[in-house]
Amino acid sequence: MPQSQSLPNQLPLLRQDIRLLGKALGDVIYDTDGADIFNIIERLRRSAVGYRRTGDQNELRALTADIPQLSLLDAHTVSRAFAYFLHLSNIAEDREQTRQRRQHSPDQTPGSLEYALALFAKQPEPEQLLSFLEQACIVPVLTAHPTEVQRQSTLALHQAIAALLPLLDQQATGHQPQLRHRLTALITTMWKTRMLRQHKLTVMDEIDNALAYYPHTFFQAIPQLYHDLDLLLHPAPSTARTALNLPPLRPLPTFLRMGSWIGGDRDGNPNVDANTLEQALLHQSSTALRHYLSEIKALGTELSLSESLAPASDALMALSAASQDQSPHRVDEPYRRACIHLYARVAATSQHLTGKSLAMHHTYAAPAYESPAALLADLQCIADSLQASHAGAVADLRLRNLMQAVSIFGFHLATLDLRQSSDVHERVLHELFLAAGVQFQGHAVQYSQLSEADRVALLRQELAETRPLVSPWLSYSDETEKELAILRYAAKARKQYGYRAIEQSIVSHTETLSDLLEVLVLQQETGLILPGLHDRDSSGLMVVPLFETIPDLQCGAAIMAAYLALPEVSARIRHAQDSVQEVMLGYSDSNKDGGYLCSNWSLYQTERELVEVFDQHHVRLRLFHGRGGSVGRGGGPSFDAILAQPAGTVNGLIRLTEQGEIIQGRYKNADVGRWHLEMLVAATLQASLNSSTDVENLHVGQYGAAMQFMSDAARDSYRALVYDTPGFNDYFFSATPIREIAGLNIGSRPSSRKASQTIEDLRAIPWGFSWAQCRLPITGWYGVGSAIQRYLDEGIAGGPRTQELRLQQLRDMAKDWPFFRTLLSNMEQVLAKTDLDIGEAYAQLCPDADLAQRIFGAIREEYQRCCTLFTLLTEHTLLEHDPALQAALTERFAYIDPLNHLQVELLRRLRQHPQEVATEEQEAIHITINGIAAGLRNSG
C-alpha cells in the first residue's frame with residue numbers, strides 16, 4: 001500500500017518492486033481522492049501489517065473496529081485500494097519468478113528442456129526423440145470456466161506496467177523521471193478504470209478474451225520453444241547444415257499445440273449453439289491468418305537477398321515469377337517477390353475462409369491455399385533455397401518460426417472440443433427414435449425406458465444401418481434441433497478448416513457404455529460419420545468419456561473395456577484415431593463429491609485401471625485432465641502433477657484444461673507463457689521416458705491398502721459434514737459469498753446446473769470459489785486429518801501392527817511415493833492459506849448461531865487435526881522448508897485481511913437489510929471478491 005519513505009536499494013529486488021508500485025498507488029490515491037481517504041487506507045494497512053508481523057491482537061481489534069465505521073463510499077474506495085495493491089504485488093512476484101529462473105543454469109533447472117533431455121540416457125539420439133515426438137500430443141486446452149474476475153482492460157494495464165519495470169532498472173538514469181511519470185500515468189489509468197464488468201460476459205466475449213493471448217504469447221512462445229528444442233537436437237548452425245550433410249530445415253513434429261472449449265462447450269450453458277461454434281472457428285481462423293499475413297509481410301522486408309549474391313533455386317524462382325509485383329526495385333530480389341505472392345495467396349485464403357481478406361496492405365487476386373500444408377510447402381521452398389545458397393542462417397531470423405507456426409496452428413488455430421451432457425444425448429435420441437417409429441424386438445422404441453443392455457443393442461443396430469434416422473420432413477423439439485445443428489456445422493467446419501479444427505466430442509456424466517454409443521449415432525445422422533468409411537476425415541469425432549464423480553471414476557475402466565471390445569469401435573480407433581483413445585478425468589466434481597483425498601486416490605486408481613485395460617486392447621491411452629486453478633479442483637504446479645501420474649499414463653500423450661485466472665497467470669506474456677509451456681513439455685518427456693511400472697507397482701503394493709483405508713475414511717468424514725449435517729446447506733449459503741459470486745459478470749454459464757439452492761446442483765467452481773473467499777478452503781484438506789488419525793489409531797488387516805510402525809509407514813510414503821508426496825505438498829499450500837479467525841467471522845453471518853458453531857467447530861477441529869498430522873508425517877511445520885514463501889504469504893495476507901473483514905461487514909449489512917442495500921454496496925462486495933481472488937491467485 002502507500003509508502004511515504006524512500007526506497008532503500010539494499011532491499012531485496014522483490015521488496016523494492018512492491019515498495020515502488022505501492023508508493024505509486026498511494027501517491028495516485030492521495031492526489032486523486034484526497035488526504036482523508038488516504039489516511040483511512042493507511043491506518044487500516046498499518047493495523048493489518050502490524051497484526052500479521054507481530055500477532056498483536058490490539059492491531060487486529062483496531063482493524064476490525066475501524067471497518068464497520070466506514071461509509072459506503074469509503075468502503076468502496078478502500079476495497080479498490082487493497083485490491084489494486086494485490087494486483088500490483090502479483091506483477092512484482094511474477095517478475096521475481098522470471099529473475100529466479102534466469103539465475104539458474106538451464107541444464108540444472110527442473111522443468112527446462114535441457115534438464116529433461118539430460119535425464120534420458122545422457123541425451124538420446126535426435127532421431128530417437130523425434131520418433132517419440134511424432135507420436136506425442138501435449139495440448140493445453142483453454143476453457144471459459146468462470147474464475148477470472150479481472151477485466152481485459154485491467155489485464156492490459158497489468159501488462160503495460162510489467163513491461164515498464166525492467167526499464168526502470170536500467171542505468172540510463174536520465175530517463176528515470178519520464179519512466180516514473182509513465183508508471184504514475186498507468187497506475188492512475190488503472191485506478192480510474194472500472195474494476196468490474198457491468199454486464200454478463202457473452203460466449204463471444206469469452207472467445208475474444210481467449211484469443212487475445214495468441215498475439216502476445218502463444219504465437220511467440222510456442223514456435224520459439226520448438227526452435228530451441230530443435231537447436232538442442234541439432235546444435236550445428238544452419239549455415240553448416242549442408243556442409244555437415246545434415247537434413248534440411250523442417251518443422252518439428254507438432255507434438256505441442258493448443259486446444260479450446262470456448263464456443264463448443266454446451267454442458268449446462270444454454271448460450272452455446274451452432275452459431276457460437278461457427279463464430280468461434282471464424283474468429284480463431286482470422287487470428288491465425290492475421291498472424292501469417294503480418295509475419296509474411298515482415299519476412300518479405302527481411303529477405304532482401306539479391307539473386308546475384310545468393311542465387312535462388314529453380315523452385316524459388318518459379319515462386320517468384322508467379323508474383324504480380326511490378327516494382328523495378330525488386331527485379332533481382334526473388335525472395336521478396338515470392339513473399340509478396342505468398343501474402344496475396346494468404347489474403348485470398350482469408351477471404352475464402354472468413355469472408356474477409358484481412359490484408360493490411362495492397363495486394364492482388366491470387367488463388368487461395370487449399371490447406372496449411374500448401375502454404376507450408378511454399379515456405380519450405382524458401383527455406384530450401386536459402387540453405388542451398390549457404391544462407392540458411394537467415395531462416396533463423398523469422399522463417400523457421402513462421403514455418404513452425406503454420407504446422408502448429410494451421411488455418412484453425414486451436415482444436416475446438418465439443419462437450420455435452422449424456423442426459424441431453426439421451427433425450428435427443430429418445431425423440432428421434434420415437435418420431436421415426438423405429439422398431440426394436442418387435443416394439444416401437446421408447447429409448448429412455450430401455451435397459452442398458454437393450455440400449456447398447458439398439459445403438460449398435462443403428463450404427464450398422466444406412467437409412468437415415470433423422471428426417472428433413474419432421475419437426476423436432478428446440479433441444480433436438482439445436483444439437484443436430486451443432487453437429488451438422490461441425491461436419492461442415494472440418495471440411496472447411498481441416499479435421500484438426502474439431503476432433504473430440506466429450507461426454508459429460510458418462511455413466512454407461514450407451515452414453516458413448518449415443519454420440520456415434522448422432523454423428524452418423526449429421527454427416528460427421530460416413531457409413532462404411534474409416535479414414536480420419538470420414539469417421540467423425542473421437543468420443544471422449546468424462547468421468548467426474550467418485551462412482552463414475554470407479555466404473556470408468558469397465559466402461560472403457562466394454563467400449564474398446566466392440567468391433568465397430570476398435571476399427572474406428574485403429575483406422576481413424578491412430579490407435580489412440582482419449583479419456584477425460586474430472587477433478588472438480590469428484591472433489592465436491594468425495595473430498596480432496598478420496599478424489600485424488602480415486603483418480604489415481606482409475607488411471608492405473610485404464611492403463612491395464614488399454615494395454616489389453618493394444619490401444620494408446622490419452623488422458624485429458626480437467627484441472628482447475630485451486631488445489632481442490634486439481635490445481636497446483638503442473639510439473640509436479642504430471643510427474644506424479646501413475647506409470648504408463650502419460651507416454652507422450654496428455655491434454656489438460658487451463659481455466660479462468662490460471663490462463664492469465666500462466667500466459668500473460670511470452671516469457672511467462674514460454675516457461676510454463678516448457679515445463680509441460682519437460683514434465684511430459686520425463687514422465688514418459690523415465691517412468692517405471694515396477695517402481696509404481698511396488699509403491700502401490702506397499703501403500704495401496706493404507707491409502708484405500710484413508711480414502712474411505714476421508715470420504716466419510718467429508719460427506720458427514722457436507723451432505724449429512726442437518727442445516728449445512730443453510731450455513732453455506734449464509735456464511736459464504738456464494739450468492740454474490742453468482743452475481744459477478746465473469747462467465748456466460750450459470751453457476752448451478754438447475755434453478756435450485758442445493759449443494760448437489762451447485763457447480764464445483766462456485767463451490768470451491770466460495771470457500772476460498774472466506775479463507776476456509778475445505779476442498780483442499782477437509783477429511784485428510786481424520787483419515788490419517790483413524791489409520792494411525794486402527795490400522796488395517798495385514799498392515800503395520802503398532803501405531804509407531806504405521807506412522808513410519810506414512811512417513812515413508814511422504815518421502816518415497818510421488819503421488820502421496822504431491823498430495824501432501826498441494827495440501828500444505830492450501831492449509832497455509834487457511835485462516836480460522838477470518839473463517840469464524842464469516843461463520844457469524846449465519847443467523848442460526850448454534851448451527852454456525854456446530855459446523856464451524858467441525859471445520860476448525862479438522863483444520864487443526866490436518867496441521868498436526870501434516871507436521872507429524874513430514875516432520876516440518878507448514879512452509880518451514882520454504883521460508884521465502886512463508887514470508888511472502890505473511891506480507892500478502894496483510895493486504896487480503898482487510899478485504900476479508902470488509903467483505904464480512906458488507907455481507908452483514910446485506911443479510912440484515914437486503915431490501916435497503918444499494919447497487920453500490922453490491923459493487924463494493926464484488927470488488928472485495930476481486931481483490932481476495934487476486935491475492936490468493938488460485939482460488940477458482
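Note that these values count all heavy atoms, side chains included, but never hydrogens, waters or copies made by symmetry.
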Among all residues two or more places apart in sequence or in another chain, which pass the ring-ring contact (aromatic ring centres under 6.0 Å, His included) test with Tyr863?
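Testing Tyr863 for ring-ring contact (aromatic ring centres under 6.0 Å, His included), a comparison that skips the adjacent residues, returns Trp781.
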Phe870: what forms a ring-ring contact (aromatic ring centres under 6.0 Å, His included) with it, not counting sequence neighbours?
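With neighbours one apart ignored, the set is His876.
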When rounded to the nearest 0.5 angstrom, what is the spacing between CD1 in Ile642 and CE in Met679?
9.0 Å
I need the Cys867 SG to Arg865 CZ distance, nearest 0.5 Å.
11.5 Å
Under 3.5 Å, is there a donor-acceptor pair between the [X] and [Y] side chains?
| X | Y | value |
| --- | --- | --- |
| Asn900 | Tyr842 | yes |
| Ser599 | Ser590 | yes |
| Glu582 | Gln504 | no |
| Asn651 | Ser688 | no |
| His509 | Ser422 | no |
| Glu548 | Tyr587 | no |

Does Arg719 count as lying over the ring of Tyr723, i.e. NZ or CZ under 6.0 Å from the six-ring centre, within 45 degrees of the axis?
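Yes; both conditions hold, so Arg719 lies above the ring face of Tyr723.
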Partners passing side chain to side chain contact (heavy atoms under 4.5 Å, CB included) against [X] (at least two apart in sequence or in another chain):
| X | answer |
| --- | --- |
| Glu511 | Asp515, Asp552 |
| Asp694 | Ser692 |
| Thr871 | Thr877 |
| Glu452 | Arg455, Val456, Thr512, Leu513, Ser514 |

Can you give me every donor-acceptor pair (side chain of residues 812-821, partner residue at least two apart or in another chain, under 3.5 Å) with its distance?
residue, atom, partner, partner atom, Å
Asp812, OD1, Gln808, NE2, 3.0
Trp817, NE1, Tyr604, OH, 3.3
Arg821, NH1, Lys815, O, 2.7

Looking at every non-hydrogen atom in both residues, tell me the closest pair between [X] and [Y] and how far apart they are.
| X | Y | value |
| --- | --- | --- |
| Ser770 | Pro766 | OG-O, 2.7 Å |
| Gly780 | Val830 | CA-CG1, 4.1 Å |
| Pro800 | Leu805 | CB-CB, 3.7 Å |
| Ile138 | Gly652 | CG1-O, 4.3 Å |
| Ala644 | Thr822 | CB-OG1, 3.5 Å |

Between the main-chain N or O of Phe733 and the side-chain N or O of Arg739, is there a donor-acceptor pair closer than 3.5 Å?
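Flag set: sc Arg739 to bb Phe733 pair under 3.5 Å.
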Backbone N/O of Val613 and side chain of His617: donor-acceptor pair under 3.5 Å:
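Yes, His617 side chain to Val613 backbone: donor-acceptor pair under 3.5 Å.
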Around atom CD of Glu612, are there more than 12 heavy atoms of other residues, nucleotides or ligands at under 6.0 Å?
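Open: at most 12 neighbouring heavy atoms sit under 6.0 Å from CD of Glu612.
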Return a table of donor-acceptor pairs under 3.5 angstrom between the side chains of residues 846-861 and protein atoms on other chains or two or more places apart.
residue, atom, partner, partner atom, Å
Asp848, OD1, Asp850, N, 3.2
Asp848, OD1, Leu851, N, 3.1

Find out whether [X] and [Y] are in side-chain contact, i.e. whether some heavy atom of one side chain is under 4.5 Å from a heavy atom of the other.
| X | Y | value |
| --- | --- | --- |
| Met710 | Leu810 | yes |
| Gln581 | Met560 | yes |
| Leu680 | Leu656 | yes |
| Ile838 | His901 | yes |
| Gln773 | Thr736 | no |

Pairs where residues 794-803 contributes a residue and the test salt bridge (charged side-chain N to carboxylate O under 4.0 Å, His left out) is met, not counting sequence neighbours:
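Matches after skipping sequence neighbours: Arg790-Glu794.
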Can you pull the salt bridge (charged side-chain N to carboxylate O under 4.0 Å, His left out) pairs that have at least one residue in residues 765-779, sequence neighbours excluded?
Arg775-Asp897
Look at the rings of His699 and Tyr703 and say which category their plane angle falls in: under 30° parallel, 30 to 60° tilted, over 60° perpendicular.
parallel
For Val544 and Val507, what are the C-alpha separation, side-chain angles and deciding distance, and is it a side-chain contact (heavy atoms from CB on, under 4.5 Å)?
CA-CA 6 Å; Val544 179; Val507 186; over 6 Å; no
Test of understanding: with salt bridge (charged side-chain N to carboxylate O under 4.0 Å, His left out), list the residues that count as partners of Asp835, not counting sequence neighbours.
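If we apply the salt bridge (charged side-chain N to carboxylate O under 4.0 Å, His left out) test to Asp835, skipping adjacent residues, the hits are Arg52.
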For Glu658, the salt bridge (charged side-chain N to carboxylate O under 4.0 Å, His left out) test, sequence neighbours excluded, returns Arg666
